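Following: one structure in structure tokens, then a few remarks.
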Amino acid sequence: MGNHLLVDRKACAGHGLCYSVAPDVLDADDQGDPVVTADPVPDDRFDEADAAVDACPERALSWERD
Ligand code: SF4
């Protein structure tokens, strides 16, 4: 249950803007690709995560709610 941040690996260009914008929600793996570290995203980090969705130039981040 909750809000889940999804990374579209095919769309992601791996330049790291998202985990710079939302370091409490996303981190980089060994390859520099983003990993969601807060799943589901807690309410108090929702705005931060949503800023990362908006910041991604490749539109590779999206929300799934269940
Ligand atoms: S900002 Fe978007 S394209 Fe860049 S690393 Fe994050 S998810 Fe990938």
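Whatever order the structure lists ligands and atoms in, that order sets their numbers, starting from 1. Worth saying up front: this structure is predicted, and the values here are computed from it rather than measured.
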| query | If you take all heavy atoms of L17 and P57, which pair is closest and at what distance? | reply | CD2-CD, 4.0 Å

| remark: among protein heavy atoms, the one nearest atom 2 (Fe) of ligand 1 is C56 SG, 2.3 Å

| message | Less than 4.5 Å apart, side chain to side chain, heavy atoms only: is that true for H4 and D66? | response | yes

| query | Counting each atom of ligand 1 from 1 as listed, which ones have a heavy atom of G14 under 4.0 Å away? | reply | 5 (S), 8 (Fe)

| said: One residue to check: E58. Relative to ligand 1, which of side chain, backbone, both or neither has a non-hydrogen atom less than 4.0 Å away? | reply: side chain

| side chain to side chain contact (heavy atoms under 4.5 Å, CB included) between L6 and L61: does it pass, once the steps are laid out? | CA-CA 6 Å; L6 305 181; L61 297 175; over 6 Å; no

| note | Counting from 1 in the order shown, the ligand 1 atoms closer than 4.0 Å to a non-hydrogen atom of A13 are 3 (S), 8 (Fe)

| query | Nearest to atom 8 (Fe) of ligand 1, what protein heavy atom do you find, and at what distance? | reply | C12 SG, 2.3 Å

| Worked check of side chain to side chain contact (heavy atoms under 4.5 Å, CB included) between V53 and W63 | CA-CA 8 Å; V53 173; W63 286 110; 3.8 Å; yes

| query | When you look for heavy atoms under 4.0 Å from ligand 1, do you find them on the side chain of L61, its backbone, both, or neither? | reply | side chain

| message | Strictly distance-based, threshold 3.5 Å: is any side-chain N or O of T37 a donor or acceptor partner for the main-chain N or O of V25? | response | yes

| query | What N/O/S atom of H15 gets nearest to atom 4 (Fe) of ligand 1? | reply | ND1

| query | Against heavy atoms of G16, which atoms of ligand 1 measure under 4.0 Å? | reply | 4 (Fe), 5 (S)

| note | Of all heavy-atom pairs linking R45 and D24, the shortest is NH1-O, 2.8 Å

| query | Quick check: does any side chain N or O of R65 sit under 3.5 Å from a backbone N or O of G2, one acting as donor and the other as acceptor? | reply | no

| To the nearest 0.1 Å, how far is atom 6 (Fe) of ligand 1 from its closest protein heavy atom, and which atom is that? | C18 SG, 2.3 Å

